[in-house]
Chemist: 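Structure incoming, see below.
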Amino acid sequence: MSTVIENLLARKQKLVEELEKAQAVEDRDRIEHQLEQINTALDFLDRPGSQDGR
């Protein structure tokens with residue numbers, strides 16, 4: 001499980017760096033959407049009991 005979280009955090013960091021450099025609105029929107037998806041996944045994995053039943 002921690003590998004999944006580590007991968008998501010690494011991807012998030014990379015996207016944040018890309019967002020800082022992105023100038024086109026379309027690129028910023030795409031990156032922000034991906035960041036939202038990663039944050040949702042991290043929130044889900046961080047919930048108490050999310051590891052139960054797996």
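By convention here, the first residue in the shown sequence is residue 1.
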Chemist: CG of D46 to CD1 of I5: how many Å apart, nearest 0.5 Å?
Modeler: 7.0 Å

Chemist: Nearest 0.5 Å, please: how far is CD in E20 from CD1 in I31?
Modeler: 10.0 Å

Chemist: Atom CD of E6 and atom CG of L9: how far apart are they, to the nearest 0.5 Å?
Modeler: 8.0 Å

Chemist: Can you name the residues that form a side-chain contact (heavy atoms from CB on, under 4.5 Å) with R11, not counting sequence neighbours?
Modeler: K14, L15, E18, Q34, I38

Chemist: Quick one: CD on E17 to NZ on K21, what's the gap to the nearest 0.5 Å?
Modeler: 6.5 Å

Chemist: Looking at Q23, is its backbone amide N or carbonyl O close enough to the side chain of R28 to form a donor-acceptor pair, meaning the two atoms are under 3.5 Å apart?
Modeler: no

